[in-house]
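Residue numbers begin at 1 in each chain, while the letters A, B, ... track the order of the sequences.
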Protein chains: 2
Amino acid sequence: MHGPLHPTNGEADTHYRILQAALDEFSHNGYKGSSTRVIADRAGVNEVTLFRHFGSKLELLRAAVEDAVQRLQVPSEIDTYLSMSFREGFGKFISDYLMQLSTQSDILMLGFAESFTHPQVAEVLKRFMWKIRSVLLEYFTELHRLGRMREADLPVLTQMVMALIHGTPAMRKRAPTEVTSDLTDVRIVSTLVETVVSAYSLEKEGS
Amino acid sequence: MHGPLHPTNGEADTHYRILQAALDEFSHNGYKGSSTRVIADRAGVNEVTLFRHFGSKLELLRAAVEDAVQRLQVPSEIDTYLSMSFREGFGKFISDYLMQLSTQSDILMLGFAESFTHPQVAEVLKRFMWKIRSVLLEYFTELHRLGRMREADLPVLTQMVMALIHGTPAMRKRAPTEVTSDLTDVRIVSTLVETVVSAYSLEKEGS
DNA sequence: CATGCATGTAAGTAGTCACTTGCGTAAGTA
DNA sequence: TACTTACGCAAGTGACTACTTACATGCATG
């Protein structure tokens with residue numbers, strides 16, 4: 001109908017530039033707060049071109065979120081983490097995940113905010129979170145099976161860890177300086193790791 | 001200028017009804033997504049009356065958020081929590097806090113979402129979170145001073161706990177059934193309590 | 001050269017938005 | 001009765017919105 005295929009032109013990046021501009025605008029001003037006019041301007045493109053590529057504003061949002069999520073690389077090989085100590089492996093998992101989140105935190109927060117009114121966007125994000133959840137749960141399960149971790153309600157623990165990870169960048173955005181003060185994410189992450197390790201590890205300490 | 005004082009009429013609840021409707025609309029559809037027309041309708045009031053009371057849509061938002069936050073009661077007497085065991089006291093604190101949050105979670109999530117573009121709204125929320133943070137930090141500090149809690153980076157630990165509490169309802173909203181499955185907030189909270197207690201308590205177990 | 005394709009330009013449509021103005025009315029107060 | 005206050009109603013204003021239509025341009029491939 002309004003094909004995103006431009007095989008003729010070497011300048012196929014028009015599509016991508018619009019996506020990028022949409023991501024920017026949407027994540028800063030929300031869906032209703034962004035106008036196709038401004039998005040097109042920021043992409044250095046005529047507004048008509050935007051509609052030729054995406055058909056509607058809503059479809060543009062969906063495409064932008066999908067594109068962002070697709071660029072996220074979820075840690076999937078738990079062997080890497082299992083080969084380290086509980087502290088090191090878990091810490092690496094968390095920071096790997098958090099780093100992914102922070103690179104795309106704008107669009108994720110947008111998606112979350114809009115997911116209530118736009119289920120199609122919510123669907124994209126749900127898939128992403130489910131993927132991470134299953135990997136983390138598998139990691140915990142394996143640790144426990146190997147006798148390196150105490151008995152615990154692993155699904156709930158997994159959920160808790162994810163809530164914390166998602167709550168961290170959200171809170172930072174919300175209360176930038178005063179509440180967060182100089183507490184960087186790094187310190188929060190290391191505290192989380194220490195807490196979980198101290199509570200559940202069955203490994204003996206000391207390298 | 002456009003006074004909210006109606007001393008003459010016993011029906012001073014017009015003001016309140018508009019606030020309530022605004023809260024409803026804003027928290028469901030966001031600021032830009034809500035129209036003064038609909039808000040007035042839901043309040044059973046003419047749109048003109050809305051402007052006579054609040055002057056502008058933005059001022060209405062500010063008033064609604066402020067009103068909601070004002071109704072939140074922050075746990076302030078840490079003695080109650082200190083008189084219990086670590087597990088019981090901390091658990092009570094968390095569930096007290098979470099309960100407050102959940103009663104007003106709609107407006108809080110709205111405020112968070114809009115705080116980026118509306119600093120006046122952000123200010124209101126920042127004050128609320130700062131209050132809770134200081135109480136929790138004081139609770140931890142006192143526990144530690146009493147030798148009932150291990151050495152730890154208490155400000156960061158406080159921050160972590162708050163991030164988790166705020167992340168929990170947010171995640172529930174975002175990924176309703178699938179990711180959350182049947183894991184209620186209650187179970188997550190109790191897992192948080194168990195984890196923190198297990199990691200930091202110096203009290204002996206058993207009643 | 002001719003065809004097709006991606007884009008630009010100009011103009012317009014139908015709707016919504018926050019917000020205003022002017023006037024009428026009911027009720028309470030002096 | 002005279003005045004004030006709170007509200008409803010009708011109408012309108014100017015700006016902005018997503019989205020469309022019609023036409024022109026330049027570039028690449030056949």
Side-chain angles (χ1 to χ4, degrees), chain A residues 1-26 28-65 110 114 117-118 120-121, chain B residues 1-26 28-65 110 114 117-118 120-121:
Chain A
M1 209 144 291
H2 31 68
L5 307 107
H6 318 132
T8 319
N9 199 350
E11 311 253 29
D13 60 357
T14 297
H15 199 82
Y16 177 73
R17 288 214 320 278
I18 298 177
L19 270 184
Q20 202 60 19
L23 219 61
D24 251 46
E25 272 297 304
F26 283 148
H28 281 84
N29 307 322
Y31 180 70
K32 295 246 184 183
S34 308
S35 81
T36 53
R37 160 87 167 67
V38 171
I39 292 173
D41 278 4
R42 284 176 72 124
V45 151
N46 194 284
E47 195 180 359
V48 183
T49 301
L50 184 153
F51 283 101
R52 279 198 270 245
H53 274 259
F54 297 96
S56 78
K57 185 186 174 186
L58 185 57
E59 171 58 22
L60 175 60
L61 171 67
R62 221 216 79 260
V65 173
L110 155 78
E114 305 289 347
T117 37
H118 303 297
Q120 331 159 21
V121 175
Chain B
M1 208 143 291
H2 31 71
L5 308 105
H6 317 134
T8 317
N9 199 351
E11 311 253 28
D13 60 357
T14 297
H15 199 81
Y16 178 74
R17 288 216 321 278
I18 299 177
L19 270 184
Q20 204 59 22
L23 218 63
D24 250 46
E25 272 298 304
F26 283 148
H28 281 85
N29 307 321
Y31 180 70
K32 294 248 184 183
S34 308
S35 81
T36 52
R37 160 86 166 67
V38 172
I39 292 174
D41 278 4
R42 285 177 71 124
V45 151
N46 195 283
E47 193 181 1
V48 184
T49 301
L50 184 153
F51 283 102
R52 279 196 271 245
H53 274 259
F54 297 96
S56 77
K57 185 186 176 187
L58 185 56
E59 171 57 24
L60 174 59
L61 171 67
R62 221 215 80 261
V65 174
L110 154 78
E114 304 289 347
T117 38
H118 303 298
Q120 330 158 22
V121 175

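- Of all heavy-atom pairs between Val48(B) and Asn46(B), the closest is N-OD1, 2.9 Å.
- Comparing atom distances between the Val48(A) side chain and each of dA10(C), dC19(D), dA18(C) picks out dA10(C) as nearest.
- At whole-Å resolution of the value, CZ in Phe51(A) and C1' in dA22(D) are 17 Å apart.
- Within 4.0 Å of Gly33(A), counting heavy atoms only, lies no atom of the nucleic acid at all.
- Atom CG in Asn46(A) sits about 9 Å away from atom P in dA10(C), given to the nearest Å.
- Pairing of dA30(C), defined by two Watson-Crick or G-U wobble distances under 3.5 Å, is identified with dT1(D).
- Considering only side-chain N and O atoms, His53(A) lies under 4.0 angstrom from the phosphate OP1 or OP2 of dT7(C).
- Side-chain nitrogen and oxygen atoms of Thr49(B) include none within less than 4.0 Å of the OP1 or OP2 phosphate oxygen of dC7(D).
- Of the possible donor and acceptor atoms, one in the side chain of Arg17(B) sits under 3.5 Å from a partner among the backbone N and O of Ala43(B).
- When distances run from any side-chain atom of Ser35(B) to the nucleotides dG8(C), dA18(D), dA18(C), the shortest one goes to dA18(C).
- For Thr14(B), taking side-chain heavy atoms from C-beta onward, the closest of the listed nucleotides dC7(D), dT17(D), dG8(C) is dC7(D).
- Heavy-atom minimum distance, Ile18(B) versus Ile39(B): O-CG2, 4.2 Å.
- Between the P atom of dA10(D) and the CZ atom of Arg37(B) lies a distance of 12 Å, rounded to the nearest Å.
- Taking atom CD1 of residue Ile18(A) and atom P of nucleotide dG8(C), one finds them 8 Å apart after rounding to whole Å.
- Of the possible polar contacts, one joining the Lys57(B) side chain to the Ser34(B) backbone as a donor-acceptor pair under 3.5 Å is found.
- Under the 4.5 Å side-chain criterion, counting only non-hydrogen atoms from C-beta, Phe51(A) is not in contact with Leu60(A).
- Going from atom CG of Asp41(B) over to atom C1' of dC17(C) covers 14 Å, rounded to whole Å.
- Whole-Å rounding puts the Asp13(A) CG to dA6(C) P distance at 14 Å.
- Distance CZ (Arg52(B)) to P (dG8(D)): 7 Å, rounded to an integer number of Å.
- Protein atom NZ of Lys57(B) is 13 Å distant from nucleotide atom C1' of dC16(D), rounded to whole Å.
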